[in-house]
Amino acid sequence: MQSVLNILEARISEVMGEVSGQALRQCSGQAGCPALVRPATDARFGDYQVNGVMPLAKQLKTNPRKLAEQIVAKLNSATADKLSDICESPEIAGPGFINLRLKPELIAANLLQISKDADRLGLEKAEKPKTVVVDFSGPNIAKQMHVGHLRSTIIGDCICRLLELQGHKVIRQNHIGDWGTQFGMLINYLVNVVYIDAAMKATGLSTKTEYDLSSLRDTEELYRKAQERNKTDKSFADVSRYWVVQLQNGDEQAKRYWEKIVSLSLSESKEIYERLGVLLTESDIRGESFYNPKLPGVVAELKKKGLAVESEGAVCVFPEGFKDKEGKPLPVIVQKSDGAYLYATTDLAAIRYRVGELKADKIIYVTDARQGLHFEMVFAVARMAGWVKPQTELVHVTFGSVLGEDGKPLKTRSGENVKLKELLDEAVERARKVVEEKNPGLSEDEKKKIANAVGIGAVKYADYTNNRTSDYIFSFDKMLAMEGNTAPYMQYAYARVRSIQRKGRDKGIEVDKEIAQSQSISLTEPSELDLAKHLIRYGEAVSSSAGDYRPNYLTAYLYDLAQKFSSFYNDCPVLDASSDKRPTRLLLCDLTAKTIEHGLHNLLGIEVIEQM
RNA sequence: GCGCCCGUAGCUCAGUUGGAUAGAGCAACGGAUUUCUAAUCCGUAGGUCACAGGUUCGAAUCCUGUCGGGCGUACCA
């Protein structure tokens, strides 16, 4: 089902092209006359407004109101009747707006159509599906996931879900940091402290064993202890360097320890992904170690193509238009003077793999805004090298930082990054307290389930609902508030609908049958009509959200929906409604629940709950 | 220095290639409740869209400058 907005845009644009066609080509040479149909800014103007007449009139150097009249006349003309199946007769207003009001029959027909399509709620699929690689999350192995990974992980996840819904082939790529010099000290620590100490204890040579592998609660602790030892013990640091070399050279023992560390860390990440409802699996992992063997080839080819040159001992590519502090050309360094490779090299190898092997039409990078320059330059080099086709899209989807209440990047009191696990634990704990207070009668199981859904949902929803490009201030109190655009408010709205349906069934009303059999729609109350109109616009919200990779467009829609439902709920009894009104109201309830569930659960990965 | 992003109500934030009288939530004030879950709804009040110019039928949005903040800027990722 095509969204009303798209149909209107297409039909009106066509007519505008016909009305202006030749004249337009003469004046500007531009093709196409977008109607710029937008939701009306004020309900008094109807449901949609056409904004495109005025810019067109400017191009044609004609009077916008006169032009609007011509367009409306053409839209209405008997031969080219473009609107009467959708809208009432269009009205011209202000300097040259065309206002459109939906016909009740269209609203009714769309509601019924959505109702019949339980899986997709009438959402259309892309005409030309693309293969889209989405690079997101990318935690550092050997350290726990912290708040710095939250946004990439969940925004990336949402983008994947949106694009998949639109019918694109989405390939998730988790570019984990599982390679590098830090593994030397970690391996060294495992070998020399964990295993040797344990062995000495086992053989009675030592009674003082501080750690064995099982005592390591997590990779964070391993990292911290190894780092501490590396700093204070010079000979330990020397041995760490030895392990780096061993690992690079493919030494079996080094590899075994490395694998141990990676798998320990991955199991921690997996746990976080599951709690967050993020659909990343092990098969999506293509980390630095995966690209490591390909790096010499990347550099060699850049050299062969004459793009990479030696500068100050390092191998560099100088894409055009980038300058350093002194205004001199800024390089992308692909190999350090000591021979080591860098992030840029890995990213270039990844682009080759994604275009060459994965056949990507588009690659989306979900990382914070600070990496903007890095990607700009890497993209430039990849294009210079001919590793991406001109039509291949490389998109950097950026986001701002998560700040504490003081407006500075969120840290613990001791200045460390806040662990994602602890953040989620606290959110769930706080949600639990609220459940306990509001609904003490529920069973332990239900309380746990609700606290989990609300707590995790609140963290995610708060992030999604902020414009991704700006920083936002993290506040448990605000995200867990029952009022306002929050997860609990949305979940509550859903739970209320479900409650109506439960009550109805208890009363012996055959809710599903009544909905399935409802052929005519009766929208009499303003809040009913308002809700109905909003329900048929879900597709618009999804496509604008996906088009700009902005989850907040979707949350804004969902919040509007929940508010409109609440008004309807207040004004219109459902179960006690007269028999001519009840089927429609049951249908509105059902579609509200399905839409909230689809948005929250299918697209944002946030759990809905039947009661709270 | 240069580049990128940002500055909107007391607070937290929306604002869709420039569109009609700039919107929400919180906080404040006033109303609605023998409830289909009030974890709700309705209303009132609150603004020099940082500042100054410019572009045009029309600017929070585009351009120039100023002030304030964040980030980046040769071997981290």
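Chain identifiers are assigned alphabetically (A, B, ...) following the order of the sequence lines, protein sequences preceding nucleic acid strands; residue numbering begins at 1 within each chain.
Pairing analysis of RNA chain B (Watson-Crick: purine N1 to pyrimidine N3 plus N6-O4 or O6-N4; G-U wobble: N1-O2 and O6-N3; both under 3.5 Å) yields stems of 3 or more pairs at B:1-7 with B:67-73, B:10-13 with B:23-26, B:28-32 with B:40-44, B:50-54 with B:62-66.
Atom-to-atom, CD of Gln59(A) to C1' of G18(B) comes out at 14 Å; the value is rounded to the nearest Å. Whole-Å rounding puts the Asn51(A) CG to U17(B) P distance at 8 Å. Rounded to whole Å, atom C1' of C42(B) lies 15 Å from atom NZ of Lys564(A). Between the NE2 atom of His175(A) and the C1' atom of C76(B) there is a distance of 14 Å, given to the nearest Å. Here the P atom of nucleotide G19(B) and the CZ atom of Arg65(A) are 19 Å apart, to the nearest Å. As rounded to whole Å, 13 Å separates atom P of G69(B) from atom NZ of Lys408(A). Between Glu326(A) atom CD and U73(B) atom C1' the separation is 10 Å, expressed in whole Å. Summarising the geometry, the separation between CG on Asn485(A) and P on A24(B) is reported as 13 Å, rounded to the nearest angstrom.
Among the atoms of the strands shown, base atoms are found under 4.0 Å from some heavy atom of Ser544(A). In this structure, Gln611(A) reaches the bases: a heavy-atom distance under 4.0 Å links it to at least one base atom across the strands shown. At a threshold of 4.0 angstrom between heavy atoms, the contacts of Gln491(A) with the nucleic acid are absent. At a threshold of 4.0 angstrom between heavy atoms, the contacts of Arg44(A) include nucleobase atoms, whether or not backbone atoms are also involved. The residue Ser337(A) sits close to a base: some heavy atom pair falls under 4.0 Å.
For Ser543(A), the side chain to side chain donor-acceptor pair (under 3.5 Å) test picks out no residue, with sequence neighbours left out. Taking the salt bridge (charged side-chain N to carboxylate O under 4.0 Å, His left out) definition, one finds that Glu326(A) meets it with Lys328(A), sequence neighbours left out.
Rounded to whole Å, the P atom of A24(B) lies 13 Å from the corresponding atom of C41(B). Across U73(B) and U56(B), the matching C1' atoms stand 38 Å from one another, rounded to whole Å. Atom name P, nucleotides C2(B) and U8(B): the rounded distance is 25 Å, in whole Å. Taking atom C1' in both C29(B) and A9(B), one finds a spacing of 16 Å when rounded to whole Å. A45(B) and G23(B): their C1' atoms are spaced 16 Å apart (whole Å). The gap from the P atom of C26(B) to that of C42(B) amounts to 11 Å, rounded to the nearest Å. Taking atom C1' on both C76(B) and G19(B), the two are 47 Å apart, rounded to the nearest angstrom.
Of the candidates Phe379(A), Phe136(A), Phe375(A), Phe375(A) is the only one forming a ring pair (Phe, Tyr, Trp, His ring centres under 6.0 Å) with His396(A).
Within 3.5 Å, no donor on the side chain of Thr367(A) pairs with an acceptor on the base of A77(B), nor the reverse. Evaluation of atom-type donor-acceptor distances gives no pair under 3.5 Å for the side chain of Lys323(A) against the base of G1(B).
In this model, the phosphate group of C41(B) is approached by a side-chain N or O of Tyr489(A) to a distance below 4.0 Å at OP1 or OP2. Contact annotation: Thr469(A) side-chain N/O to C6(B) OP1/OP2 distance is not under 4.0 Å.
Sorted by first then second residue, the ring-ring contact (aromatic ring centres under 6.0 Å, His included) pairs that include residues 537-558 of chain A, not counting sequence neighbours, are His534(A)-Tyr557(A), Tyr538(A)-Tyr557(A), Tyr538(A)-His598(A).
Of the charged side-chain nitrogens involved, none lies within less than 4.0 Å of a carboxylate oxygen, so that Arg286(A) and Asp135(A) do not count as a salt-bridged pair. At a threshold of 4.0 Å, the pair Glu69(A)-Arg65(A) does not count as salt-bridged, since none of the basic side-chain nitrogens sits closer than that to a carboxylate oxygen.
A donor-acceptor pair shorter than 3.5 Å can be found between the side chains of Arg550(A) and Asn467(A).
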Pick out the pairs of N or O atoms, protein on one side and nucleotides 13-15 of chain B on the other, that lie under 3.5 Å.
from, atom 1, to, atom 2, distance (Å)
C13(B), OP1, Ile473(A), N, 2.9
C13(B), O3', Asn466(A), OD1, 3.2
A14(B), OP1, Asn467(A), N, 2.7
A14(B), OP1, Ser470(A), OG, 2.9
A14(B), O3', Asn552(A), ND2, 3.4
G15(B), OP1, Asn552(A), ND2, 3.2
G15(B), OP2, Asn467(A), ND2, 3.1

For a quick test of your reading: what N or O donor-acceptor pairs under 3.5 Å do the side chains of residues 403-410 of chain A make, sequence neighbours left out?
from, atom 1, to, atom 2, distance (Å)
Asp406(A), OD1, Lys408(A), N, 3.0

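Relative to the ring axis of Tyr569(A), Arg496(A) places its NZ or CZ within 45° and under 6.0 Å from the centre.
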